[in-house]
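In the text below, chain A, chain B and the rest are named by the order of the sequence lines, each starting its count at 1.
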Amino acid sequence: MRNDLFPPFSTVVQETVSLTLKGILTEHFFRTLLRVIIGFSIGALVGTIVGIITGYKALLDKSLSPVISFFYPIPAIGWVPLLMLWVGITEALPILVIAIHSFFPVCYTTRSGIKSIDQRIVKVARSLGAKGKDLILRVIIPSALPHVFAGLRLSSGGSWRVVIAAEMLAIPKGLGALVMKAESLIRPDIILSCLFILALMSLFFERIFLFLEKKQFSNGISPYAH
Amino acid sequence: MKGILTALYVVTFFCGSIFAQDKISIATEFNTHAAAFYVALDKGFFDREQLKIKSYEAYVTGVALASSLKRGDIEAAFICLPPTITSFVNGGVKLRIISGLHLYGYGLVSDGDKIKHPRDLEKKGLKIGCVREGSGTDLILRKTVEKYRLNEDVVLSSVLRMNPPNMLFALKSGSLDACFLPEHYLSLAEKEGFKIILTAKDIWPDFLGSVLVVKNEVLEKKPKAVRSLNVAIKKATEWIITNKEDSARIIAKYLTFEAQRSGFVEKLDPKTKLSVTENEIRASMSRVIFTNDVNRDVVQDVINFMDRKGYLKGRVAAKDLIYTGF
């Protein structure tokens with residue numbers, strides 16, 4: 001195998017260190033990180049809210065769920081051509097792609113988490129005087145938390161998978177842009193370096209939510225859910 | 001009877017060997033940079049040299065072509081100099097430049113509102129289109145930044161990378177304020193009413209735009225074919241220099257065909273399909289100097305510049321890249 005096109009792992013590590021020391025990798029990395037954090041936060045927040053609404057209110061569930069189910073199979077990257085026309089090739093493009101990608105899993109798992117709550121618990125809470133905001137914040141959401149965390153975990157890792165594709169489209173900075181630059185300069189070592197970082201970050205984000213999930217439930221908060 | 005058949009076989013075999021044409025597969029960029037190839041094909045210069053073009057593929061950018069040079073089925077290519085250097089140094093592709101094709105062939109266009117002078121590229125909030133890093137177009141962008149002492153970070157953060165047909169589309173739709181383009185897209189932009197702010201000639205004297213490269217193994221295995229290819233291209237270049245009008249017509253014909261085959265032009269202008277006319281090609285050719293000379297110092301200058309910009313794994317000597325065996 002030719003080393004030029006199939007660089008050994010040592011070369012990839014060497015290049016990663018070299019690019020980091022020069023500040024090139026850090027600059028691209030932090031751009032991507034910021035986009036992932038913003039995009040994921042927007043997607044997760046909206047997904048959680050819509051998931052709670054559709055899980056709690058049967059009427060809204062009936063009207064919104066078919067629409068969500070219809071759009072869910074469309075891959076986030078599939079929205080890119082349309083977003084390019086709507087928002088142009090701007091910072092908003094990769095952020096919106098990540099937000100769309102994050103929205104659906106969080107929305108679905110939150111909705112199913114709320115729907116799977118033992119109704120006897122809700123009845124008991126109501127009989128004890130809980131209603132409205134109190135019932136949602138103190139009983140329903142905590143009960144659905146394991147499902148919400150599952151959705152967050154899935155979409156947080158996935159955000160890193162879609163950001164690279166979004167950044168490959170003419171965006172000047174970011175790991176995806178660096179991958180494209182490396183491809184045009186025939187530098188597979190840099191491409192692999194970026195891909196390893198993406199894989200590590202995807203894993204890291206998933207682990208963060210796993211850690212938060214474990215910490216949440218080890219504090220004695222019972223999820224109540226089945 | 002058996003003797004007659006044997007004699008016929010022997011005669012056929014020898015005649016076949018004597019008149020057998022050498023075959024070579026070619027890759028080009030579909031723009032005026034490959035003018036010599038289109039003219040050689042049209043005027044039968046390859047046939048006259050007993051050279052058969054086995055196949056040819058046209059690529060939208062030199063960068064895309066450089067990535068494909070690694071493939072075994074491409075034996076020779078009409079390609080911009082910078083991607084050739086990238087292929088040789090970073091990709092480890094064993095090749096040699098056997099001929100130059102033209103000087104210059106790149107420029108900057110804008111709608112004339114936000115960018116009237118190269119110094120305006122430094123303005124914040126601009127959107128500047130350019131072909132990807134390591135392309136000839138990109139090098140002209142980087143050289144412009146260097147020559148006018150612009151803030152590199154500011155300019156590069158405004159640059160959106162896309163191929164020339166997409167840049168034209170974006171420029172027309174107002175998504176870009178300016179773009180660095182190779183010929184003949186520069187002429188197409190001019191035809192659409194955009195203003196040429198600078199050309200490669202203004203900022204990089206003697207910049208060797210494109211070259212004809214051949215893989216080392218082809219040089220070893222098919223020296224006769226390579227020699228024929230070189231002769232045909234030299235004749236075509238001479239013909240272009242002395243027959244500019246006819247050359248423009250021939251190049252326009254081939255580029256319209258390639259553009260329509262690629263499907264890029266339809267989205268630019270569905271009514272006219274933006275077929276490339278002789279006028280655009282003539283304008284495009286006027287900004288290019290067709291020559292087969294390969295100036296070693298110029299090649300070295302480009303290598304050094306690319307190395308300085310962090311595009312190369314290491315610096316090489318131009319003499320290792322240029323074939324001088326003819």
Side-chain angles (χ1 to χ4, degrees), chain A residues 1-8 11-12 14-15 18-28 30-31 34 80-94 166-194, chain B residues 61-71 80 82-94 125-139 153-163 166-167 169-170 173-177 179 267 306-307 309-314:
Chain A
M1 280 200 294
R2 284 168 54 184
N3 270 6
D4 300 313
L5 302 179
F6 302 94
T11 311
V12 176
Q14 208 178 335
E15 195 53 42
S18 162
L19 287 174
T20 310
L21 292 176
K22 285 176 194 165
I24 297 168
L25 197 58
T26 21
E27 190 193 359
H28 287 280
F30 281 113
R31 292 279 187 127
L34 194 65
V80 168
L82 208 54
L83 290 173
M84 279 171 86
L85 295 172
W86 286 344
V87 298
I89 303 168
T90 59
E91 277 297 318
L93 178 70
E167 285 177 343
M168 280 177 176
L169 296 154
I171 301 289
K173 299 273 176 183
L175 287 176
L178 188 59
V179 166
M180 289 312 282
K181 181 178 173 177
E183 194 266 334
S184 65
L185 295 172
I186 318 178
R187 295 294 303 270
D189 47 347
I190 298 176
I191 298 173
L192 284 169
S193 173
C194 293
Chain B
T61 63
V63 171
L65 172 51
S67 300
S68 306
L69 271 179
K70 298 187 288 283
R71 275 170 30 197
C80 303
T84 303
I85 296 167
T86 311
S87 268
F88 182 72
V89 181
N90 293 353
V93 181
K94 292 179 173 62
L126 288 178
K127 282 182 184 165
I128 306 160
C130 188
V131 182
R132 282 161 53 188
E133 293 87 347
S135 61
T137 323
D138 174 61
L139 254 63
D153 288 340
V154 172
V155 177
L156 292 184
S157 65
S158 309
V159 174
L160 304 177
R161 304 284 176 178
M162 52 186 91
N163 64 39
N166 283 345
M167 267 192 269
F169 177 60
S173 65
S175 308
L176 289 177
D177 300 303
C179 50
K267 67 179 179 184
M306 290 179 78
D307 184 48
K309 295 296 164 196
Y311 287 169
L312 300 180
K313 274 184 186 172

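- Atom CG of residue Asp189(A) and atom NZ of residue Lys313(B) lie 5.5 Å apart, to the nearest 0.5 angstrom.
- Across Asn90(B) and Leu185(A), no two heavy atoms sit closer than the pair ND2-O, 2.7 Å.
- The nearest pair of heavy atoms linking Val63(B) to Ser184(A) is CG1-CB, 3.2 Å.
- Shortest non-hydrogen contact noted between Leu156(B) and Pro172(A) is O-CB, 4.0 Å.
- Neither the backbone nor the side chain of Thr61(B) comes within less than 4.5 Å of any heavy atom of chain A.
- The distance from the CD atom of Glu183(A) to the CZ atom of Arg132(B) is 4.5 Å, given to the nearest 0.5 Å.
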Residue pair Arg187(A), Tyr311(B): steps toward the side chain to side chain contact (heavy atoms under 4.5 Å, CB included) verdict: CA-CA 9 Å; Arg187(A) 295 294 303 270; Tyr311(B) 287 169; over 6 Å; no

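- For Glu15(A), no part lies near chain B; criterion is any non-hydrogen pair under 4.5 Å.
- The NZ atom of Lys173(A) lies 6.0 Å from the CG atom of Asp153(B); values are rounded to the nearest 0.5 Å.
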